[in-house]
2 protein chains.
Amino acid sequence: MPPKPTRSNDLQSLTDIDKLVHEPARLMILAYLYVVESADFIFLIRQTDLTWGNLSAHISKLEAAGYVEVTKEFVGKKPHTMLSLTAEGRAAFRTYRQNMKRVLDDLPD
Amino acid sequence: MPPKPTRSNDLQSLTDIDKLVHEPARLMILAYLYVVESADFIFLIRQTDLTWGNLSAHISKLEAAGYVEVTKEFVGKKPHTMLSLTAEGRAAFRTYRQNMKRVLDDLPD
DNA sequence: GTAAACTACTTTGTGATACAAAGTACATTA
DNA sequence: TAATGTACTTTGTATCACAAAGTAGTTTAC
């Protein structure tokens with residue numbers, strides 16, 4: 001589960017930020033999954049500009065955290081990997097987004 | 001200088017994000033300096049909940065990048081470290097904030 | 001028909017980084 | 001004058017992101 005914020009002011013909430021979501025590569029992946037609901041590996045490769053190894057590793061990490069569900073199937077004779085957000089992943093992304101927006105919005109200029 | 005974004009869509013701009021700013025501890029530090037214009041080490045320790053070593057290391061990194069200026073002086077007989085954002089640091093923070101807000105805003109829900 | 005190239009990934013190695021613990025150099029208090 | 005406190009910095013370690021290499025199969029070229 002995502003870390004629980006226990007801080008009073010906005011900036012200190014960064015202390016409790018969910019690093020799993022915060023990492024730019026994974027933030028990209030999660031944001032895509034957040035809007036499209038389900039995507040395959042190839043789609044994410046194209047959208048994110050990550051390498052195969054890199055994307056694979058990040059997916060594994062998100063899967064281990066229970067943030068994404070990975071479904072492997074065969075399309076014809078080729079393997080095909082489908083990704084989708086779990087309820088937990090969706091919640092974690094929402095929380096991250098809220099916190100981050102609050103931090104960035106509550107500043108002058 | 002902060003990395004230049006060269007991407008077309010919003011989410012891909014995360015590929016070029018300035019990691020020096022992105023790190024939560026430093027983001028906190030920069031945000032404080034962004035609003036107060038100048039602060040001492042002790043103030044930041046209290047506000048950020050970082051350890052001495054941790055804050056020290058992050059400050060060094062920000063200084064090396066030219067994002068903050070560090071001024072050491074003696075107050076009475078005690079050492080005193082003052083921090084302030086450089087123009088470059090201010091610009092980097094602004095760029096980061098803009099990019100990040102755009103990424104987080106341009107999503108449904 | 002088999003060798004070379006391609007697809008769709010995963011695993012491994014390496015260098016960078018964040019963090020805590022220990023260290024330094026003094027000043028103050030008991 | 002010994003112990004404690006202040007204001008840091010340096011060092012060690014464990015984690016992590018990334019790229020390069022590896023794997024398992026499929027398609028194409030000759």
Side-chain angles (χ1 to χ4, degrees), chain A residues 2-3 12 14-33 38-65 67-84 96, chain B residues 2-3 12 14-33 38-65 67-84 96:
Chain A
Q12 276 189 346
L14 286 168
T15 303
D16 312 300
I17 210 134
D18 189 347
K19 289 251 198 166
L20 218 87
V21 179
H22 190 60
E23 164 63 29
R26 286 190 298 261
L27 189 51
M28 246 190 296
I29 296 168
L30 292 173
Y32 275 112
L33 294 179
S38 146
D40 62 12
F41 198 95
I42 299 296
F43 171 81
L44 287 175
I45 281 288
R46 274 199 274 270
Q47 298 297 322
T48 60
D49 273 18
L50 293 169
T51 60
W52 291 86
N54 216 337
L55 178 56
S56 178
H58 284 304
I59 297 279
S60 294
K61 208 156 259 187
L62 291 169
E63 189 186 14
Y67 285 2
V68 306
E69 197 190 352
V70 181
T71 313
K72 287 174 185 302
E73 55 186 352
F74 276 87
V75 175
K77 295 176 178 174
K78 291 186 188 170
H80 189 234
T81 305
M82 287 294 295
L83 293 317
S84 64
Y96 173 86
Chain B
Q12 276 190 346
L14 286 168
T15 304
D16 312 299
I17 211 139
D18 189 347
K19 290 253 200 163
L20 218 87
V21 179
H22 190 60
E23 164 62 32
R26 286 191 298 263
L27 189 52
M28 246 190 294
I29 295 168
L30 291 173
Y32 275 112
L33 293 179
S38 145
D40 61 12
F41 198 95
I42 300 296
F43 170 81
L44 288 176
I45 280 288
R46 275 200 274 269
Q47 296 298 321
T48 61
D49 272 17
L50 293 169
T51 61
W52 290 87
N54 216 337
L55 179 57
S56 178
H58 284 304
I59 296 279
S60 294
K61 208 156 258 189
L62 290 169
E63 188 186 16
Y67 285 1
V68 307
E69 197 190 353
V70 180
T71 314
K72 286 173 187 300
E73 55 184 355
F74 276 86
V75 174
K77 295 176 178 173
K78 291 185 189 169
H80 189 232
T81 304
M82 287 294 293
L83 293 316
S84 65
Y96 172 86

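A quick note: this is a predicted structure, and the numbers were derived from the prediction, not measured. Throughout, a chain's letter reflects where its sequence line sits, starting with A, and its residues are numbered from 1.
There is no side-chain donor-acceptor pair under 3.5 Å between B/H22 and B/D18.
Among the atoms of the strands shown, only primed sugar atoms or phosphate atoms (P, OP1, OP2) are found under 4.0 Å from some heavy atom of A/I42.
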Using the side-chain contact (heavy atoms from CB on, under 4.5 Å) rule, take A/T81 and A/T71 through it: C-alpha gap first, then chi angles, then the decisive distance, then the call. CA-CA 6 Å; A/T81 305; A/T71 313; over 6 Å; no
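Per the geometry, CG belonging to A/L50 stands 16 Å off C1' belonging to D/dA20, to the nearest Å. Atom CG of A/L83 and atom P of C/dC9 are 9 Å apart (whole Å). A straight line from CG of B/L14 to P of D/dA17 spans 14 Å, rounded to a whole angstrom. Taking atom CH2 of residue B/W52 and atom P of nucleotide D/dA7, one finds them 6 Å apart after rounding to whole Å. For A/E73 and C/dT7, the CD to C1' distance is 16 Å, given to the nearest whole Å. With rounding to whole Å, B/M82 atom CE is found 14 Å from D/dA7 atom P. Distance, A/H58 NE2 to C/dT11 P: 16 Å, rounded to whole Å. The distance from atom NE2 of B/H22 to atom C1' of D/dA17 is 12 Å, rounded to the nearest whole Å.
Of the side-chain N and O atoms in A/K19, none sit less than 4.0 angstrom from OP1 or OP2 of C/dT17. Using a 4.0 Å cut-off, some side-chain N or O of B/R26 falls inside it from OP1 or OP2 of C/dA18. Considering only side-chain N and O atoms, B/K77 lies under 4.0 angstrom from the phosphate OP1 or OP2 of C/dT28. Between B/S56 and D/dC8 there is no side-chain N or O to OP1 or OP2 distance below 4.0 Å. Side-chain N/O atoms of A/N54 include one lying less than 4.0 angstrom from OP1 or OP2 on D/dA19. Residue A/T51 places at least one side-chain N or O closer than 4.0 Å to OP1 or OP2 of D/dA19.
The distance from atom OH of A/Y67 to atom CG of A/L20, rounded to the nearest 0.5 Å, is 5.5 Å.
The residue among B/G53 and B/K61 whose nearest nucleotide of DNA chain C lies closer to the 5′ end is B/K61. The residue among A/K78 and B/K78 whose nearest nucleotide of DNA chain D lies closer to the 5′ end is B/K78. Residue B/P79 is the one, among B/P79 and A/F74, whose nearest nucleotide of DNA chain D lies closer to the 5' end (criterion: closest heavy atom).
Proximity of a side-chain donor or acceptor of B/S56 to a complementary backbone N or O of B/W52 within less than 3.5 Å is not detected.
In this structure, the side chains of A/E23 and A/M28 stay at 4.5 Å or more apart for every pair of heavy atoms.
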